[in-house]
J.: 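For reference, the structure I am asking about is given below.
So that the names make sense, note that chain A is the first sequence line, chain B the second, and so on, each numbered from 1.
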Amino acid sequence: MKYDFSAIEKKWQDRWEQMGTFKATEDYSKPKFYALVEFPYPSGAGMHVGHIKAYSGLEVISRKRRMQGYNVLFPIGFDAYGLPTENYAIKTGIHPRQVTDMNIEKFTSQLKRVGFSFDWDRVVDTTEEGYYKWTQWIFRKMFDEGLVFRATTLVNYCPSCKVVLSNEDSQGGKCDICHSDIVQKSKDVWYLRITEYADKLLQGLEKVDYLPDVKLQQENWIGRSEGAFANFKLSIGGSVSDDHLRIYTTRPDTMFGVTFMVIAPEHPVIEKYRDKITNIDALDAYKEECAKKTEFERTQLVKDKTGVCIEGLRAVNPANGKEIPIYISDYVMMGYGTGAIMAVPAHDDRDYDFAKKFGIDIIEVIKGGNIEEAAYTGDGEMVNSEFLNGIATKKEAIAKMLEFLGEKGVGEKGIQYKMKDWAFNRQRYWGEPIPIVHCEKCGMVGVPYEELPLKLPTMENFAPGEGGESPLAKIDSYVNCKCPKCGGDAKRETDTMPQWAGSSWYFLRYCDPHNTEEFASEEALKYWLPVDWYNGGMEHVTRHLIYSRFWHRFLYDIGKVPVEEPYAKRTAQGLILGPDGVKMSKSRGNVVDPNKVVDEYGADVLRVYILFMGDYASAAPWSESSVKGCKRFLDRVAGLTEMAKGEGATPALESSFHKTIKKVTRDIEEMKFNTAIAAMMSLINEIYEVGTLTKDELGIFARLLCPYAPHLCEEIWEELGNKEICTLSAWPEYDEAKTIDASVEIAMQVCGKFKGTITVPADSSKDDVIAAAKASEKVASAIEGKTVVKEIFVPNKLVNIVVK
RNA sequence: GCGGGCGUGGCGGAAUUGGCAGACGCGCCAGACUUAGAAUCUGGUGGUUUCACCGUGGGGGUUCAAGUCCCUUCGCCCGCACCA
């Protein structure tokens, strides 16, 4: 067969489209398989080889599942709201709507060229009215349930993009979109109360099959810690008051070792007792200095503690009644715990550094370390701690201290999370309008459900305002409206939702994408959920994956989805690096264009190569010559059509075929695509060596390879005279008995040293094999004149004769 | 600093989990075909002082047997980062 890949690929892509081969059916009696890949952001640059890798894994698995008789849902869509499109639109003057449509068209044709088996009837576009209606609807439900609130706080702000960012969007102190430094700014912000779901998100992880790294990163991001709150009374101007400073600690057991307190520079207690503090100027100066520091500067100076002692204000340790100084320092954050800590220099590294620098007492309360040199954070016997003295375990000491604090009414057990509430509004144009109205009389009022979608108005000048206000604020007819509650004059919210909104529930819409009454029917959700297998990038683990689990769990709690967790299984693909071994980037000029590869070698080669290049989960550099190797492989596969004759099995190949079916079947499930392809390469080498195979065997080969190189395999399958297409044919079965060879090669060792191999019948007994080994020349000479101490036998593997 | 991962030929990577290290592919070498090249095919390809010995970052250990387990050390990558 002549392997004219462009003609073959076009032919089969057209045929699949005509036949609707990849449409998930509504036949709910069939077993289902819902495979999900992260839908792309349709950027102007078009598809990247990274996209292909991200989709190829579940592409192969989905194709195999179809052949195994499943009703497969393998959908695709476009996460199209967001800044890159908007910035491009501002630069070029083309409206974001138009930019988005162009990019979606480009992506669609590129994806189709690769032959992905997506169900194109279920495409979602997050910027479509029929879609974002439901994004707004879910937001409104959250608003109704009290999960949406507005607050003026210090937030992450990107001066370059002119938007407020969530914690997730500003990891490492850099803007997720433009990578410039984030500044802290006091702003009016809409929040989603994701912290209320912290425990549920944590517990949900126990029920799902996620890559261990994914699970761990989410756990760390949520950052649950158990500890205690305690109140330290304030001593103002020398006399103890009724007011107190509240702290959070994970080590209440060390409370007798507290020698000072530290509060964040922005802590409100400073304002409250401004006139009682005698060195307020010094405090103000310090606070100002801190505000100027960038995130980067702060992290660079981790070890070098700074701070100022507050004069005129002291605190009383509730454990022993001792008066201690209070410092302000930027190593305590206002955003975590209570913004105030009790400092135990003997048993905390940071407090230790601070105490050393400021010459504060260090009192050991746990034995085991040397506090002259460093803080001791381990376990040990309690000392200098009154009623805790002699206790040997941290757990016990904590319990006792909590009991004491409880009895005195000055403290109790507490739980804290690192995760913060989700800053949810963006002062930008290309996003879902937030469906809220501000009424002077009624406050914040949700736009009525029947008025959704609240449409994003079309406007010409959608650049963000210099003062950081949303572009929508410029449209008076949009802003001015009537209060849905009292009918009086009101103003519409002009901010939009962040990019992550639309992607937080898209997997639900795929189940029933054309529904106009609900985001998806109960029936469809019940059948398709949960997503059986979700594959995506590691970069989304503490962003999209957390957000979408939160939205889904909320919908579960209000009875709108039937399962607690949306994704039963989550895996991640590794990056494709440039040929130079470095991450691909435009500036480095090492980006590989998948279209060129398809032009030159064909989609099947691209697909096979991307899965063959290495472990699916690891990063691997692109290699043009290895692509050629895959082309050679497919050429050889095409060549089999000339060779195939007759029916049944070729005796010399039969066991190899069964072994290969077994290996490929199993490897696909573990995403070990590279070894599955290697096994098929080995088989083809063997076939060429033998020089013949039957048509039945070629059919098996075509079906095994079909998930990887579907176009070529369809062509071969058709040439073999099959009526049904290969994609919908049955996955080959293997016979375990036929995977076992009649004879096996056994390694012979003497004292663990390899001495050669012997061939014996499979499942030979220990005695037989050892006798045969001893009879071999190599072994015989090695053990001659020595005493056999031990004989080790691993069935069908090896013998090891230990001599003295 | 804390958490996780990794280190195997010239390169990408295998190794059914403690049992013949280097599957498969690339590259390279030789040969065939060709005026020549490309493509293709055949054979070879860890190293060395080749009847053998040495080899999975280094050192040590457990074991009949270690890439795999334990200790130690070096190097790289990723995540979080003063989280109380």
J.: Identify whether NZ of Lys or CZ of Arg in Arg636(A) sits under 6.0 Å from the centre of the six-membered ring of Tyr688(A) and within 45° of that ring's axis.
T.: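 Yes - Arg636(A) lies over the ring of Tyr688(A), closer than 6.0 Å to its centre and within 45° of its axis.
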J.: Across all strands shown, which nucleotide pairs with A23(B) by Watson-Crick or G-U wobble geometry, both distances under 3.5 Å?
T.: none
J.: Work out how far the C1' atom of G9(B) is from that of G57(B), and round it to whole angstrom.
T.: 15 Å
J.: Using the P atom as the reference point in each nucleotide, state the distance between G22(B) and A15(B) in Å, no decimals.
T.: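 Comparing P positions in G22(B) and A15(B) gives a spacing of 13 Å.
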J.: Could you work out the separation of G27(B) and C76(B) based on their C1' atoms and round it to a whole Å?
T.: 25 Å
J.: Count the heavy atoms belonging to other residues, nucleotides or ligands that lie under 6.0 Å from NZ of Lys357(A), then report whether that count exceeds 12.
T.: yes
J.: With nearest nucleotide decided by heavy atoms, which residue, Thr757(A) or Gly614(A), maps closer to the 5′ end of RNA chain B?
T.: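 Counting from the 5' end, the first nearest nucleotide belongs to Gly614(A).
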J.: If you measure only the distance, is there a donor-acceptor pair under 3.5 Å linking the side chains of Tyr547(A) and Ser166(A)?
T.: yes
J.: Taking the minimum atom-to-atom distance to the side chain of Thr675(A), which one of G13(B), A52(B), A14(B) wins?
T.: A14(B)
J.: Can you tell me the base-pairing partner of G79(B)? Count Watson-Crick or G-U wobble geometry only, both distances below 3.5 Å, and say none if there is no partner.
T.: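 Because both required distances fall under 3.5 Å, G79(B) counts as paired with C2(B).
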J.: Test salt bridge (charged side-chain N to carboxylate O under 4.0 Å, His left out) on Lys662(A) and Glu669(A) and set out the steps.
T.: CA-CA 11 Å; Lys662(A) 183 179 177 179; Glu669(A) 295 307 313; over 6 Å; no
J.: Out of G3(B), G13(B), C20(B), which has the shortest distance to the side chain of Phe754(A)?
T.: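 In terms of side-chain proximity for Phe754(A), the closest of G3(B), G13(B), C20(B) is C20(B).
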J.: Would you mind reading off the distance between Asp580(A) atom CG and G12(B) atom C1', rounded to a whole angstrom?
T.: 15 Å
J.: OP1, OP2 of U40(B) versus side-chain N and O of Lys631(A): anything below 4.0 Å?
T.: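 Negative; the distance criterion is not met.
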J.: Identify the nucleotide, in any strand shown, that forms a Watson-Crick or G-U wobble pair with U16(B), with both distances under 3.5 Å; if there is none, say none.
T.: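 Pairing partner: none.
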J.: Using 4.0 Å as the upper bound for N to carboxylate O, is an ion pair formed by Arg570(A) and Glu38(A)?
T.: yes
J.: Using the closest heavy atom to pick a nucleotide of RNA chain B for each, name whichever of Ser225(A) or Glu689(A) lands nearer the 5' end.
T.: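 Final value for this comparison: Glu689(A).
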J.: So what's A30(B) paired with, Watson-Crick or G-U wobble, going by both distances under 3.5 Å?
T.: U42(B)
J.: Rounded to the nearest Å, what distance is computed from the CD atom of residue Gln217(A) to the C1' atom of nucleotide C2(B)?
T.: 14 Å
J.: Please state how far atom OH in Tyr688(A) lies from atom C1' in G43(B), giving the value in whole angstrom units.
T.: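 Atom-to-atom, Tyr688(A) to G43(B), this comes out as 18 Å.
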J.: Using a cut-off of 4.0 Å between protein heavy atoms and nucleotide atoms, how would you tag nucleotides 24-32 of chain B 5' to 3' with B, S and -?
T.: BSSS-----
J.: Quick one: which of A84(B), G13(B), G3(B) gets closest to the side chain of Leu216(A)?
T.: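 Among A84(B), G13(B), G3(B), the one nearest the side chain of Leu216(A) is G3(B).
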J.: Would you measure the distance from the C1' atom in U48(B) across to the matching atom in C70(B) and give it in whole Å?
T.: 32 Å
J.: Just name whichever nucleotide pairs with U48(B), Watson-Crick or G-U, keeping both distances under 3.5 Å, else none.
T.: A52(B)
J.: So, OP1 or OP2 of U40(B): does either fall under 4.0 Å of a side-chain N or O from Arg636(A)?
T.: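 No, outside the criterion.
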J.: Ignoring hydrogens and geometry beyond distance, is the side chain of Lys418(A) in donor-acceptor contact with the base of C80(B) at under 3.5 Å?
T.: no
J.: Run the salt-bridge test on Asp253(A) and Lys395(A) with the 4.0 Å N-O cut-off and return the result as yes or no.
T.: no
J.: Can Asp199(A) and Arg224(A) be counted as an ion pair, charged N to O under 4.0 angstrom?
T.: yes
J.: Pull out every residue in residues 787-798 of chain A that has a heavy atom closer than 4.0 Å to any atom of RNA chain B, ordered by number, or say none.
T.: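 Nucleic-acid contacts, sorted: Lys790(A), Ile792(A), Val794(A), Lys797(A), Leu798(A).
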J.: Over how many whole Å does the gap from Tyr417(A) atom OH to A84(B) atom P extend?
T.: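 Taking OH of Tyr417(A) and P of A84(B), I get 13 Å after rounding.
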J.: Between A65(B), C82(B), A14(B), spot the one nearest the side chain of Asp330(A), thanks.
T.: C82(B)
J.: Could you tell me whether U40(B) is syn or anti, where syn means a glycosidic angle within 90 degrees of zero?
T.: anti
J.: Can you figure out which of G4(B), C54(B), A84(B) approaches the side chain of Asp213(A) most closely?
T.: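 The answer is G4(B), which lies nearest to the side chain.
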J.: Rounding to the closest angstrom, what is the interatomic distance between G43(B) and C77(B) at atom C1'?
T.: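 Rounded to whole Å, the distance is 40 Å.
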J.: Distance check: side-chain N/O of Tyr336(A) vs OP1/OP2 of A84(B), anything under 4.0 Å?
T.: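 So the side chain of Tyr336(A) is within the cut-off, an N or O lying under 4.0 Å from OP1 or OP2 of A84(B).
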J.: Compute the ring centroids of Phe612(A) and Phe673(A), then answer whether they are less than 6.0 Å apart.
T.: no
J.: Distance check needed: C41(B) P versus Met643(A) CE, whole Å only.
T.: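 Rounded to whole Å, this separation is 11 Å.
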J.: Please check if atom NZ in Lys394(A) has more than 12 non-hydrogen atoms from other residues, nucleotides or ligands closer than 6.0 Å.
T.: no
J.: Rounded to the nearest Å, what distance is computed from the CD1 atom of residue Ile684(A) to the P atom of nucleotide U40(B)?
T.: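 Spelled out: CD1 on Ile684(A) to P on U40(B) is 14 Å.
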J.: Say we look at U42(B) and U49(B): how far apart would their P atoms be, to the nearest angstrom?
T.: 32 Å
J.: Which whole-number value in Å describes the distance from Phe673(A) CZ to A14(B) P?
T.: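 After rounding, the reported distance stands at 13 Å.
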J.: Passes salt bridge (charged side-chain N to carboxylate O under 4.0 Å, His left out), Glu226(A) versus Lys413(A)? Steps please.
T.: CA-CA 8 Å; Glu226(A) 262 181 49; Lys413(A) 194 176 168 178; 3.8 Å; yes
J.: Can you check the Lys672(A) NZ to A14(B) P distance for me, whole Å?
T.: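 About 8 Å, once rounded to whole Å.
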J.: When the P atoms of U8(B) and G4(B) are considered, how many whole Å apart are they?
T.: 22 Å
J.: If we check salt bridge (Lys or Arg N to Asp or Glu O under 4.0 Å) with Lys659(A), which of these qualifies: Asp735(A), Asp667(A), Asp741(A)?
T.: Asp741(A)
J.: Regarding Lys672(A) and the six-membered ring of Tyr616(A), is the cationic atom NZ or CZ under 6.0 Å from the ring centre and inside 45° of its axis?
T.: no
J.: Between C6(B) and U56(B), how far apart are the two C1' atoms, rounded to whole Å?
T.: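 13 Å, rounded to whole Å.
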